[in-house]
Number of protein chains: 2
Amino acid sequence: MPGPSANKLDYTLVALADPKRRAILRRLAQGEARVTELAAPFDVSLNAISKHIKLLERAGLVQRRRTGREHVLQFEPEPLGGVQDWITKQTAFWQSSLEAMDDLLRREDKADKKIAEVQS
Amino acid sequence: MPGPSANKLDYTLVALADPKRRAILRRLAQGEARVTELAAPFDVSLNAISKHIKLLERAGLVQRRRTGREHVLQFEPEPLGGVQDWITKQTAFWQSSLEAMDDLLRREDKADKKIAEVQS
DNA sequence: TTAATATTCAACCATAAGGTTGAATATAGA
DNA sequence: TCTATATTCAACCTTATGGTTGAATATTAA
C-alpha cells in the first residue's frame, strides 16, 4: 500500500506479507547470502528476487554489503520488534476492554439484584 | 499481494499493513461498532472504509453480525497469534544461528591458538 | 583485452489496493 | 406507504506489487 506517507511499520508489514520474502528472511536468519544464492530456490527470475530484496531493505529487514561485484545480504531483526509491539498493545487494549466490560456487567448485575430486592 | 495461492498469514499481514485498518482494529479492541461509526474518524468515503473492513474480514481479524440494517463489527485477535508465531520462530532461528556461529568462531579461535603454539 | 559473472536499471504487463461516485438493497420510522 | 438511514455493489481511476525480458554496469578471471 505505501504511498508517500507510509511509515516504518507499514513498510515492515508490506515486506512480511509475501511468502517469498518471508522465505528469504528465514534463509538469511541462518546466515548471510548473496542475491544469486537467495534467488536459487525460487523458480522466478533473478530480477524478481532483486525486487523482493529491495522491499526488504526498504523495511530495514535486511542490510546490504557490497564485496566487489557481489551483494551480501544480512538479516536485520529490529523492525520485527515494531510489529510485536503493535500486536502487544492491540491485545492489551482489547483485554483491558474485556475486563472493563466484565466490571460493567457485574455492576449491572448488582443493580438488577437491587431492583429485584426492591420489587420483591 | 494475495493472488489465488495466498494463505491466512498473507491475508493477515496485508490487512495489518494499512494504517487505517490498524486504526479500525484499535477502535474495535475497545468494543464493537457499526460501519458508520468506524468510518466517522476518517476523511474518506464510507465505501472506502467498507472495503477496508472486507480485507479485515478476509484475514479473520473482525467478525460481522447483522442487526437489521446495521452491521456490527467485532475484533477477533486470533490471527495476530499467527504473526507472533512467525516472528518468534524467525528470531529463534536467527539466535540459534548466531550461537552456532559463535561456537564456530570459538573453535576457530582455539585452532588459531594451537597453530600459534606450534609455530612459536 | 576479452569474456564470463553478479546485479541492477528500464520498460513493459497483469493484478490487487485504495479511492471515488452513483445506483441497488434492506430495514426503520413517520 | 413514503422517506430516511445503513450498507453494499458496480464501474471506474490511480498507484503499488510481482513478474517478465533485454540492456547497462561493474568486477573478476582468462
Respond yes when some side-chain nitrogen or oxygen of B:His52 is under 4.0 Å from OP1 or OP2 of C:dA17, and no when none is. no

Check whether any side-chain N or O of B:Lys54 sits under 4.0 Å from OP1 or OP2 of C:dA17, and answer yes or no. no

side-chain contact (heavy atoms from CB on, under 4.5 Å) between B:Arg27 and B:Glu37, worked out: CA-CA 10 Å; B:Arg27 167 64 188 78; B:Glu37 289 165 358; 4.3 Å; yes

Look at atom CD of B:Gln63 and say whether more than 12 heavy atoms of other residues, nucleotides or ligands are closer to it than 6.0 Å. no

Same apolar cluster: A:Leu55 and A:Leu46, side chain cutoff 4.5 Å: no

Quick one: do A:Val72 and A:Leu25 end up in the same hydrophobic cluster if we chain Ile, Leu, Val, Met, Phe, Trp and Tyr together by side-chain heavy atoms under 4.5 Å apart? no

Distance in Å, A:Leu61 CG paired with A:Leu56 CG, rounded so as to fall on 0.5 Å steps: 6.0 Å

Between [X] ([atom1]) and [N] ([atom2]), how many Å, whole number?
X	N	atom1	atom2	value
B:Arg34	C:dA28	CZ	C1'	12 Å
A:Leu46	D:dA23	CG	C1'	15 Å
B:Ile53	C:dA17	CD1	P	16 Å
A:Leu13	D:dA16	CG	P	18 Å
A:His71	C:dT7	NE2	C1'	5 Å

Across all chains, not counting sequence neighbours, the side-chain contact (heavy atoms from CB on, under 4.5 Å) partners of B:Ser45 are B:Asn47, B:Ala48

Residue set satisfying side-chain contact (heavy atoms from CB on, under 4.5 Å) with A:Ala29, at least two apart, ordered chain then number -> A:Phe75, B:Gln90, B:Phe93, B:Trp94

Using the rule given for side-chain contact (heavy atoms from CB on, under 4.5 Å), can you reason through A:Val35 versus A:His71, listing the C-alpha separation, both sets of side-chain angles and the distance that settles it, and then say yes or no? CA-CA 6 Å; A:Val35 176; A:His71 297 207; 4.1 Å; yes

Could I get a table of every N or O pair under 3.5 Å where one atom is in the protein and the other is in nucleotides 11-13 of chain D?
none

For DNA chain D, the residues among residues 14-24 of chain B that have a non-hydrogen atom under 4.0 Å from it: none

Expected list for residues 78-87 of chain B: side-chain donor-acceptor pairs under 3.5 angstrom, two or more places apart:
{"residue": "B:Glu78", "atom": "OE1", "partner": "B:Lys8", "partner atom": "NZ", "Å": "3.2"}

Where do B:Leu73 and B:Leu28 come nearest, in terms of heavy atoms and distance? O-CD2, 3.4 Å

Identify the two heavy atoms, one from A:Val62 and one from A:Ile53, that lie closest to each other, and give their separation to 0.1 Å. CG2-O, 4.1 Å

Take B:Arg65 and B:Glu32, measure what side-chain contact (heavy atoms from CB on, under 4.5 Å) needs, and give me the verdict at the end. CA-CA 10 Å; B:Arg65 182 178 78 245; B:Glu32 329 177 307; 2.8 Å; yes

What parts of residues 37-45 of chain B reach DNA chain C, counting only heavy atoms under 4.0 Å away? B:Val44, B:Ser45

Within residues 73-80 of chain A, residues whose heavy atoms come under 4.0 Å of DNA chain C: none

Which residue pairs pass the ring pair (Phe, Tyr, Trp, His ring centres under 6.0 Å) test when at least one of the two sits in residues 16-50 of chain A, sequence neighbours left out? none

Kindly state each residue pair satisfying ring pair (Phe, Tyr, Trp, His ring centres under 6.0 Å) with at least one member in residues 8-30 of chain B, sequence neighbours excluded. none

Only distances under 3.5 Å count here; give the side-chain donor-acceptor pairs of residues 17-24 of chain B to other protein atoms, sequence neighbours excluded, each with its distance to 0.1 Å.
{"residue": "B:Asp18", "atom": "OD1", "partner": "B:Lys20", "partner atom": "N", "Å": "2.8"}
{"residue": "B:Asp18", "atom": "OD1", "partner": "B:Arg21", "partner atom": "N", "Å": "3.3"}
{"residue": "B:Arg21", "atom": "NE", "partner": "B:Ala15", "partner atom": "O", "Å": "2.8"}
{"residue": "B:Arg21", "atom": "NH1", "partner": "B:His52", "partner atom": "ND1", "Å": "3.0"}
{"residue": "B:Arg21", "atom": "NH2", "partner": "B:Val14", "partner atom": "O", "Å": "3.0"}
{"residue": "B:Arg22", "atom": "NH1", "partner": "A:Asp10", "partner atom": "OD1", "Å": "3.0"}
{"residue": "B:Arg22", "atom": "NH1", "partner": "B:Leu16", "partner atom": "O", "Å": "2.7"}
{"residue": "B:Arg22", "atom": "NH2", "partner": "A:Asp10", "partner atom": "OD1", "Å": "2.7"}

List every contact pair, protein side and nucleotides 27-30 of chain D side both N or O, where the distance is under 3.5 Å.
{"residue": "D:dT27", "atom": "O2", "partner": "A:Arg69", "partner atom": "NH1", "Å": "3.3"}

Taking atom types as they are modelled, is there a donor-acceptor pair under 3.5 Å from the base of C:dG22 to the side chain of B:Asn47? yes

Just grab all the salt bridge (charged side-chain N to carboxylate O under 4.0 Å, His left out) pairs involving residues 40-58 of chain B, residues at least two apart or on different chains. B:Glu57-B:Arg64

Answer with base, sugar-phosphate or nothing: what part of the nucleic acid does B:Leu55 contact at a heavy-atom distance below 4.0 Å? sugar-phosphate

